[in-house]
Participant: 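Below: one structure in structure tokens.
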Amino acid sequence: MDTSYNHGKEEGQWQRWKLAEEEVLRACGVDESAIEQLRIWDRTMFNSDRRFYEKLQDAGTYLDSVAESDTPSEIYTVADLLNDIENIELLKALLTADRLTLYISVLKMNGYSTNEIAALVHLSTDAIYKRIAVLKRKLKKFQG
């Protein structure tokens, strides 16, 4: 579905609508000066709408380009982590790790200290360090 604003198309539609409206007004006996005032008012509104839709289109184009940029995605869960992996071999290696180790990795990636992680997952800090070390060994071949 194309949602872009096409000024030429909108102008043509406005002209056709305006001519039809003015014919009806004349048939009803409306004074030409009133029709002219109405045309000026409607044209002002059309121009205002045109500027709005053109700016909206520009904003949409900008937002589309930002969405397509290579900004890193936020990773808050293990599912986010796994969904963000594009390398199939790396994904397979991560899938061999247990869920708790992956969760610890997500917490670490989000800036939690080892002490904070230990309190959250009810393990000792030594157990946290050991799990991270094991995962690092599994993933060593993927370092660039």
Side-chain angles (χ1 to χ4, degrees), residues 1-28 30 34-144:
M1 180 173 86
D2 184 21
T3 58
S4 62
Y5 176 78
N6 182 323
H7 179 72
K9 178 181 173 186
E10 296 298 323
E11 174 78 25
Q13 287 177 344
W14 184 85
Q15 291 286 345
R16 286 187 296 279
W17 165 77
K18 194 66 197 156
L19 288 172
E21 180 190 54
E22 288 177 1
E23 284 180 27
V24 170
L25 291 173
R26 286 186 184 98
C28 292
V30 176
I35 292 174
E36 181 62 26
Q37 286 178 338
L38 187 56
R39 182 184 307 119
I40 291 168
W41 171 257
D42 286 341
R43 187 64 188 184
T44 302
M45 292 290 87
F46 173 78
N47 286 336
S48 173
D49 289 348
R50 175 187 54 82
R51 286 189 297 275
F52 170 77
Y53 286 117
E54 286 175 346
K55 288 188 187 313
L56 184 65
Q57 180 177 338
D58 291 344
T61 303
Y62 169 74
L63 293 174
D64 290 343
S65 68
V66 169
E68 292 170 359
S69 69
D70 288 337
T71 55
S73 58
E74 300 290 331
I75 296 177
Y76 297 112
T77 66
V78 172
D80 292 340
L81 173 67
L82 296 175
N83 287 334
D84 205 45
I85 305 296
E86 294 179 3
N87 182 315
I88 295 297
E89 296 304 314
L90 175 58
L91 180 60
K92 287 178 185 176
L94 285 172
L95 289 173
T96 65
D98 65 280
R99 202 97 172 136
L100 182 57
T101 301
L102 293 175
Y103 179 59
I104 291 168
S105 299
V106 168
L107 292 172
K108 199 72 169 153
M109 291 167 60
N110 282 297
Y112 285 83
S113 71
T114 304
N115 288 332
E116 292 170 320
I117 294 170
L120 285 170
V121 298
H122 308 292
L123 292 175
S124 68
T125 55
D126 288 340
I128 301 297
Y129 284 122
K130 185 179 265 186
R131 285 175 177 268
I132 291 173
V134 169
L135 184 60
K136 280 183 179 179
R137 278 194 302 276
K138 283 184 180 182
L139 301 179
K140 193 159 188 88
K141 68 179 179 180
F142 295 101
Q143 290 180 335

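Heavy-atom basis, side chains included; hydrogens, waters and symmetry copies ignored. As the structure is a prediction and not an experimental result, all values here were calculated from the model.
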Participant: What I'd like to find out is whether the side chain of Asp84 reaches to under 4.5 Å of the side chain of Asp80, using heavy atoms alone.
Facilitator: no

Participant: How long is the span from the CG atom in Leu94 to the CG atom in Leu139, to the nearest 0.5 Å?
Facilitator: 5.0 Å

Participant: Rounded to the nearest 0.5 Å, how far apart are CD of Glu23 and CG of Leu25?
Facilitator: 10.5 Å

Participant: Only one of Trp41, Trp14, Trp17 forms a ring-ring contact (aromatic ring centres under 6.0 Å, His included) with Phe46, so which one is it?
Facilitator: Trp14

Participant: Working to the nearest 0.5 angstrom, can you tell me the gap between Ile104 CD1 and Ile132 CD1?
Facilitator: 6.5 Å

Participant: Apply side chain to side chain donor-acceptor pair (under 3.5 Å) to Gln13 and list each qualifying residue two or more places apart in sequence or on a separate chain.
Facilitator: none

Participant: If I take atom CG from residue Asn110 and atom OG from residue Ser105, how far apart are they, to the nearest 0.5 angstrom?
Facilitator: 11.0 Å

Participant: Hey, what do you get for CD (Glu86) to CG (Leu91), rounding to the nearest 0.5 Å?
Facilitator: 11.0 Å

Participant: Between Lys138 and Thr96 (side chain of the first, backbone of the second, donor and acceptor by atom type, cut-off under 3.5 Å), is there such a pair?
Facilitator: yes

Participant: What residues form a side chain to side chain donor-acceptor pair (under 3.5 Å) with Thr101, not counting sequence neighbours?
Facilitator: Asp98, Arg131

Participant: Considering only NZ, NE, NH1 and NH2 on the basic side and carboxylate oxygens on the acidic side, decide whether Lys18 and Glu36 come within less than 4.0 Å.
Facilitator: no

Participant: Between Asn83 and Ala79, is there a donor-acceptor pair closer than 3.5 Å when you use the side chain of the first and the backbone of the second?
Facilitator: yes

Participant: Which atom pairs, donor and acceptor, lie under 3.5 Å between side-chain atoms of residues 116-125 and protein residues at least two apart or in another chain?
Facilitator:
from: Glu116; atom 1: OE1; to: Ser113; atom 2: N; distance (Å): 2.8
from: Glu116; atom 1: OE1; to: Ser113; atom 2: OG; distance (Å): 3.3
from: Ser124; atom 1: OG; to: Ala127; atom 2: N; distance (Å): 3.1

Participant: Please report the shortest heavy-atom distance between Asn87 and Ile85, naming the atom on each side.
Facilitator: O-CG2, 3.4 Å

Participant: On a heavy-atom basis, which atom in Arg26 and which in Arg39 lie closest, and how many Å separate them?
Facilitator: NH2-NH2, 4.0 Å

Participant: Which value, rounded to the nearest 0.5 Å, describes the distance between Leu38 atom CG and Glu21 atom CD?
Facilitator: 5.0 Å

Participant: What I'd like to find out is whether the side chain of Leu102 reaches to under 4.5 Å of the side chain of Leu95, using heavy atoms alone.
Facilitator: no

